[in-house]
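Remember, it's a predicted structure, so these values are computed and weren't measured experimentally. Residue numbers start from 1 in every chain, and the chains themselves are labelled A, B, ... in the order their sequence lines are given, proteins ahead of strands.
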Number of protein chains: 2
Amino acid sequence: MAKLSDVAARAGVSVSAVSRVLSGDPAARVSEATRDRVRKAAAEVGYHPNFAGRALKLARTDVIALIVPDVTNALFTELTRGVEDEAVARGCVMLLARSEDMQPGGPMFDRLVGEGRVDGIVLQPRDGADPQELARTVGERAPLVTIHQRIPGASSVVVPDELAARRATEHLIALGHRRIGFAGGLAGSPTAQRRADGHLEALLRAGIAAAPELVTWRGYRESDGRASAAELLALPQRPTAIVAANVNAAIGVLAQARAQGLAVPRDLSVVAIHDAWTAEHTWPPLTCVRMPLYELGRTAVATLAEIVDGGAVVHRSVDDPEPVLVGRESAAAPRN
Amino acid sequence: MAKLSDVAARAGVSVSAVSRVLSGDPAARVSEATRDRVRKAAAEVGYHPNFAGRALKLARTDVIALIVPDVTNALFTELTRGVEDEAVARGCVMLLARSEDMQPGGPMFDRLVGEGRVDGIVLQPRDGADPQELARTVGERAPLVTIHQRIPGASSVVVPDELAARRATEHLIALGHRRIGFAGGLAGSPTAQRRADGHLEALLRAGIAAAPELVTWRGYRESDGRASAAELLALPQRPTAIVAANVNAAIGVLAQARAQGLAVPRDLSVVAIHDAWTAEHTWPPLTCVRMPLYELGRTAVATLAEIVDGGAVVHRSVDDPEPVLVGRESAAAPRN
DNA sequence: CGCGCTTGATCAATCGTTTGCGCAACCGGT
DNA sequence: ACCGGTTGCGCAAACGATTGATCAAGCGCG
């Protein structure tokens, strides 16, 4: 692999000159003729600055880690794209990690931050993770931006969960539903709380009395959604519609409905919060409220960059674009 | 962040001594007393060797990249786990590459290999990728192990595609099916070829005449499976069962069957090659042939390590555990 | 007592890059 | 011709870890 001194020799100048030219410092005093020769030589030998040498000198790796609970979750496609696009735009490479492996305090995590392999971390904590502990194990050791959730001392970025849930419920109300179940996330989870709030707000605005038994707190996974649906559909007076707080949970809701012989949307309407490509392939295709996850990813990286550069802790909500309803076929008017 | 000299100062020895103790070289001549003091001091200051310094000196980063066409594909969960486990076992960090940019030839890829950020690459080429071109853009620039597919000059690791397909078809034959469709992968793809071969082999062994119109070559995605099913189910004499060469395609097959009002498995049996958690949540849950993808991942990394250490190009097949049929509810005896 | 050998530890060079500083050469103005 | 001010470039010192070379003791042995 070509190094700086190779380029220097080829161009007949010193390594410092080459470094200055290639780093593109306009304040550097190098003649245009030399610049040309250097650039030409660099191109000829296919020079790329050695990562280790650079990182050692600059105390910076231009690597940021994105840690999510499960990389194969279709929901993370958009988030990941956003993170990566913004990272690339800032000249960084993204290191994608599964949080099972990257448990703060775990061996891999120690290597990442302890050995200085990354400049900063964008973390989406697992539901149920302890914020205090995360603050200790992560926040104190590396620049950190959390997603969906705040932890003490770290910046955070969220999406308008409450508004999205409200939109979902309002859509069902507009279709004529009055008894609407809510298949929510885990009780402790901040997003679960916000989404439940949004749902209740919609009911309130429509003058519909909220019934506690119509709200479950089981989680965002497929099996959680299925359990939620089983609970809601076992109610004496069955809901005619269910808002699933997560698109994966919604898939579980569909499965449970099918298992009970209920046709969607004829017997039960379903609206999910979040959109993902999987929602197009369910039966019926899921009506969703799409969240600005791509922008969430970009904003997270931008925020992280501020922290790395010494900026203050900040909390942002990504409100543009707004959550928008994507109508497919899982929601219809109730069959009186 | 604590460095070697900090530990040295605290233990009252030189940096070289510390380095030798901490690197665990048994040949190093250091007294047991000093070793203890060094280890104690290192633990006290929480020393982790600086990545950049180490990489610079050793010309090695202990990072391997796993490049797959699409990280959110549920199929990659197992593969990724295998790769990561083996990487960790060998003291490496796995860099999971997602974007189109990371694909060979993209700008990020150039940074990865050009800047020496990774020691080697485990690559699952996209279907339809040109082997010659990959050999040029990747194989010549970094140690490389490919998955599922060979490219010139690089080691490769595969799973027994042919056997798996044979098992799938044999299962349907055992259930009594005689007219069996095969929803295959892209025509040029080596795995598609091997799986189709296995399917035909099963028919041959059972003395069933193969009909070319019962084999499609559309690809592994959901939409491909759907198109394949549409094609097969439009045949004058409809197959009573379909083997989907990929679990994602199988989901598409289910969707198409449903769209045509066919009940699975009453009107149509479906068996998929590969297993993934998504297969448990379809309707009906998919009968699959599970492939040793976790072991594939581990073997790929082990093979890559050999190459990095100067080993010769080698081609392996992961045959343990064998492909095994996971019976769920999408396959049954044909009606009448 | 001196020699060779082993043991325990330090010195210093090295990896590739960046960057503050110094040093010529050259400019225009007196 | 002299001189302050620029311009163009190279020298050399970091950054943190590894490792061959080196060196001072200590020991056994004749």
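Extent of DNA chain C lying under 4.0 Å from chain B heavy atoms, first and last nucleotide in 5' to 3' order, is C/dT7 to C/dG16.
At a threshold of 4.5 Å between non-hydrogen side-chain atoms, the residues B/T72 and A/N73 do not count as touching. No side-chain heavy atom of B/F76 sits less than 4.5 Å from a side-chain heavy atom of B/R81.
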Task: Steps toward side-chain contact (heavy atoms from CB on, under 4.5 Å) verdict (B/R117, A/V63) - done: CA-CA 10 Å; B/R117 284 171 185 264; A/V63 175; 3.2 Å; yes
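Remark: the B/T191 side chain and the B/H148 side chain contain no N/O donor-acceptor pair separated by less than 3.5 Å. Under 3.5 Å, the side chains of B/S31 and B/T34 contain a donor-acceptor pair of N or O atoms. No side-chain donor-acceptor contact under 3.5 Å links A/D25 and A/S23. Looking only at atom types and distance, the side chain of B/R316 has a donor-acceptor partner in the side chain of B/T303 under 3.5 Å away.
Rounded to whole Å, atom P of D/dA14 lies 18 Å from atom CG of B/N50. Atom P of nucleotide D/dG8 and atom CG of A/D25 are separated by 14 Å, given to the nearest angstrom. Taking atom CZ on A/R20 and atom P on D/dC11, their separation rounds to 12 Å, with Å as the unit. Taking atom CG of A/L58 as the reference point, atom C1' of D/dA14 lies 12 Å away to the nearest angstrom.
Mapping B/S14 and B/L56 onto DNA chain C by nearest heavy atom places B/S14 at the nucleotide closer to the 5' end. Toward the 5' end of DNA chain C, the nearer of the two residues A/A17 and A/R29, judged by each one's closest nucleotide, is A/A17.
Shown here is A/R221, whose CZ atom has no more than 12 heavy atoms of other residues, nucleotides or ligands within 6.0 Å.
Using five terminal pairs a side, the axes of the helix from C/dC1-D/dG30 to C/dT30-D/dA1 at its two ends make an angle of 60°, given in steps of 10 degrees.
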